[in-house]
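Counting starts at 1 for both ligands and their atoms, in listed order. For this chain, numbers begin at 1 and follow the sequence in order.
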Amino acid sequence: MSEHPTSPTSSPEVTAPYGTGVQAAPQRRVRIPHLQAMKERGEKWAMLTAYDMYSAEIFDEAGIPVLLVGDSAGNNVYGFETTVPVTVDHLVPLVRAVTSAARRAMVVADLPFGSYQASPQQALATATRFMKEGMAHAVKLEGGAPMVPEVELLVRAGIPVMGHIGFTPQSEHVLGGYKVQGRGDTADRLVEDALALQEAGCFAVVMEMVPAPLAARVTEVLSIPTIGIGAGPECDAQVLVWQDMAGLRGGKAPRFVKKYADLRGELGRAAAAYAADVASGAFPAGEHSFAE
Ligand SMILES: Nc1nc(=O)c2c([nH]1)NC[C@@H]1CN(c3ccc(C(=O)N[C@@H](CCC(=O)O)C(=O)O)cc3)CN21
Ligand SMILES: CC(C)C(=O)C(=O)O
Ligand SMILES: [Mg+2]
């Protein structure tokens with residue numbers, strides 16, 4: 001079982017919602033102590049996606065503190081073009097595999113498109129499946145201020161929630177494609193979305209494809225950690241899809257990706273060498289065979 005400290009802490013002080021000047025109803029604010037401590041010390045950390053047992057085990061052993069079972073499984077596991085077709089049933093078994101393999105890392109399950117936006121009740125039912133069947137430690141959902149009721153109910157139920165703002169791939173069809181968000185007069189709205197999620201009880205917020213200076217401003221304003229992907233160097237943490245980071249996927253990667261390995265080349269060479277050995281009779285050798 002995992003040993004990571006996710007126990008939510010109740011904070012006695014109550015703050016008003018951003019901009020209203022009204023006293024807010026008391027509510028639990030979830031803080032993940034070791035992630036808060038890293039923010040306070042200015043220590044940056046890395047999150048990676050994981051969708052299976054070996055990747056989870058390897059990243060956990062490498063000291064990655066948070067693993068995200070992303071709905072990016074849609075285009076990195078299931079062969080869809082986007083994350084839109086991904087369902088809860090697609091993701092629950094992957095979450096279960098990752099939580100089984102991770103010893104120390106916190107495992108966050110992405111709530112897929114259509115599984116939480118209908119109502120706080122729908123969000124709670126979906127998140128509950130990820131917690132019970134997937135054994136997830138937390139969930140992530142896309143959207144800013146409009147998702148506050150959903151976040152509040154999950155937090156009240158004892159589920160740590162990670163927010164996700166900026167470019168939110170589940171709404172790419174309203175955002176008009178893979179576009180940087182928060183440029184020009186929409187910058188203040190992004191800051192308000194981040195603050196609304198923090199007030200609602202999120203323990204961290206992902207910012208995707210946001211101009212670096214704006215992401216720096218949000219990181220400064222928030223007391224919870226920000227996790228950037230295409231959001232510049234000033235976020236408290238960074239996240240990448242592991243197949244991008246490890247060079248497993250082909251084609252042109254987004255600008256925000258840095259490739260740390262060439263797994264695609266490595267695996268392709270291994271497969272070709274194996275096939276050549278079988279064709280030549282070099283494999284299997286005596287040592288791979290059983291005597292009578
Ligand atoms: N493999 C993978 N990596 C990801 O980062 C990722 C996924 N899948 N699936 C879910 C979402 C979708 N995301 C994406 C996907 C593509 C671009 C992209 O093509 N960006 C281009 C164009 C940017 C522009 O037009 O300004 C880039 O060069 O960054 C960005 C984010 C991020 N997420
Ligand atoms: C890219 C990250 C933040 C994500 O949401 C995913 O992998 O699904
Ligand atoms: Mg996602």
Side-chain angles (χ1 to χ4, degrees), residues 45-52 55-56 59 64 66-88 90-92 94-95 98 106-117 126-127 130 134 136 138-144 147 161-184 194 197 202 204-212 215 225-232 235-261 263-264:
W45 49 278
M47 178 162 95
L48 273 175
T49 65
Y51 315 96
D52 71 3
S55 60
F59 303 151
I64 302 291
V66 184
L67 298 177
L68 172 68
V69 186
D71 60 347
S72 51
N75 54 295
N76 296 288
V77 174
Y78 288 111
F80 304 138
E81 282 200 11
T82 70
T83 60
V84 174
V86 175
T87 65
V88 177
H90 281 126
L91 291 187
V92 164
L94 310 189
V95 174
V98 168
M106 176 187 199
V107 179
V108 181
D110 228 356
L111 302 187
F113 175 65
S115 75
Y116 61 94
Q117 297 94 335
T126 299
F130 280 110
V139 301
K140 177 167 86 56
L141 52 78
E142 296 185 6
M147 297 315 299
V161 182
M162 180 180 283
H164 183 162
I165 55 174
F167 176 64
T168 45
Q170 293 173 13
S171 8
E172 67 162 289
H173 299 300
V174 282
L175 298 177
Y178 304 129
K179 285 187 188 148
V180 174
Q181 303 293 311
R183 281 197 169 132
L197 290 172
C202 282
V205 179
V206 168
M207 284 191 280
E208 180 164 351
M209 299 223 287
V210 170
T226 60
I227 306 165
I229 174 164
C235 295
D236 298 301
Q238 298 290 325
V239 56
L240 285 175
V241 166
W242 87 258
Q243 291 93 338
D244 294 347
M245 176 281 303
L248 188 63
R249 88 152 187 193
K252 192 180 170 291
R255 174 187 162 91
F256 53 72
V257 170
K258 181 172 175 184
K259 251 179 74 173
Y260 288 87
L263 286 201
R264 193 182 183 84

Taking N or O atoms only and a 3.5 Å limit, does Asp110 qualify as a polar contact for ligand 2? yes
For atom 1 (C) of ligand 2, what's the nearest protein heavy-atom neighbour? Residue, atom name and distance, please. Ile229 CD1, 3.8 Å
Does any N, O or S atom of Glu142, backbone or side chain, fall under 2.8 Å from the Mg ion (ligand 3)? no
Go through ligand 2 atom by atom and flag the ones less than 4.0 Å from a non-hydrogen atom of Gly70. 6 (C), 7 (O), 8 (O)
Is there a side-chain contact between Val66 and Trp45, using heavy atoms and a 4.5 Å cut-off? yes
For ligand 2, is there an N or O atom under 3.5 Å from any N or O atom of Asp71? yes
Which protein N or O atoms sit under 3.5 Å from any N or O of ligand 1? Give each pair with its distance.
| from | atom 1 | to | atom 2 | distance (Å) |
| --- | --- | --- | --- | --- |
| ligand 1 | 1 (N) | Asn76 | OD1 | 3.0 |
| ligand 1 | 1 (N) | Asn76 | ND2 | 3.4 |
| ligand 1 | 1 (N) | Asp244 | OD1 | 3.0 |
| ligand 1 | 1 (N) | Asp244 | OD2 | 3.3 |
| ligand 1 | 1 (N) | Arg249 | NH1 | 3.0 |
| ligand 1 | 3 (N) | Asp244 | OD2 | 2.6 |
| ligand 1 | 8 (N) | Asn75 | ND2 | 2.7 |
| ligand 1 | 8 (N) | Asn76 | ND2 | 3.2 |
| ligand 1 | 9 (N) | Asn75 | OD1 | 3.1 |
| ligand 1 | 9 (N) | Asn75 | ND2 | 3.3 |
| ligand 1 | 13 (N) | Glu208 | OE2 | 3.4 |
| ligand 1 | 25 (O) | Tyr178 | O | 3.0 |
| ligand 1 | 28 (O) | Arg255 | N | 3.3 |
| ligand 1 | 29 (O) | Arg255 | N | 2.9 |

Checking Asp236 side chain against Thr226 main chain: does a donor-acceptor pair fall under 3.5 Å? yes
Which atoms of ligand 2 sit under 4.0 Å from any heavy atom of Thr49? 7 (O)
Structural part of Leu240 in contact with ligand 2, heavy atom criterion under 4.0 angstrom: neither
So for Met47, does at least one of its heavy atoms come nearer than 4.0 angstrom to any atom of ligand 2? no
Could you tell me whether the side chain of Phe113 reaches within less than 4.5 Å of the side chain of Pro169, counting heavy atoms only? no
Which residue and heavy atom of the protein sit nearest atom 6 (C) of ligand 2, plus the separation: Ser72 OG, 3.2 Å
Give me the nearest non-hydrogen protein atom to atom 5 (O) of ligand 2 as residue plus atom name, then the distance to 0.1 Å. Lys140 NZ, 2.9 Å
Taking the six-membered ring for Trp, are Tyr78 and His90 parallel (under 30°), tilted (30 to 60°) or perpendicular (over 60°)? tilted
Could you check if a side-chain atom of Asn76 sits within less than 4.5 angstrom of a side-chain atom of Thr49, using non-hydrogen atoms only? no
Kindly confirm or rule out an N or O of Tyr51 lying under 3.5 angstrom from an N or O of ligand 2. no
So do the side chains of Phe130 and Val107 get within less than 4.5 Å of each other, counting heavy atoms only? no
To check your reading of the site, what angle at the Mg ion (ligand 3) do OD2 of Asp110 and OD1 of Asp71 form, to 10°? 80°
Over all heavy atoms of both residues, which pair between Val84 and Thr82 is shortest? Give the atoms and the distance, please. N-OG1, 3.1 Å
Could you find the nearest protein heavy atom to atom 4 (C) of ligand 2 and give me its residue, atom name and distance? Leu68 CD2, 3.6 Å
Using atom types as modelled and distance alone, determine if a side-chain donor or acceptor of Thr126 lies under 3.5 Å from a backbone N or O of Ser115. yes
Measure the shortest side-chain to side-chain distance between Gln238 and Lys258 over non-hydrogen atoms and say whether it is less than 4.5 angstrom. no
Within 4.0 Å of some non-hydrogen atom of His164, the atoms of ligand 2 are 3 (C), 5 (O)
Work out which heavy atom in Ala215 is nearest to a heavy atom in Met207; give both atom names and the distance. O-CE, 3.6 Å
Does any non-hydrogen side-chain atom of Asp71 lie less than 4.5 Å from one of Glu142? yes
Report yes if the side chains of His164 and Gln170 come closer than 4.5 Å at any heavy-atom pair, otherwise no. no
Report yes if the side chains of Ile229 and Phe167 come closer than 4.5 Å at any heavy-atom pair, otherwise no. no
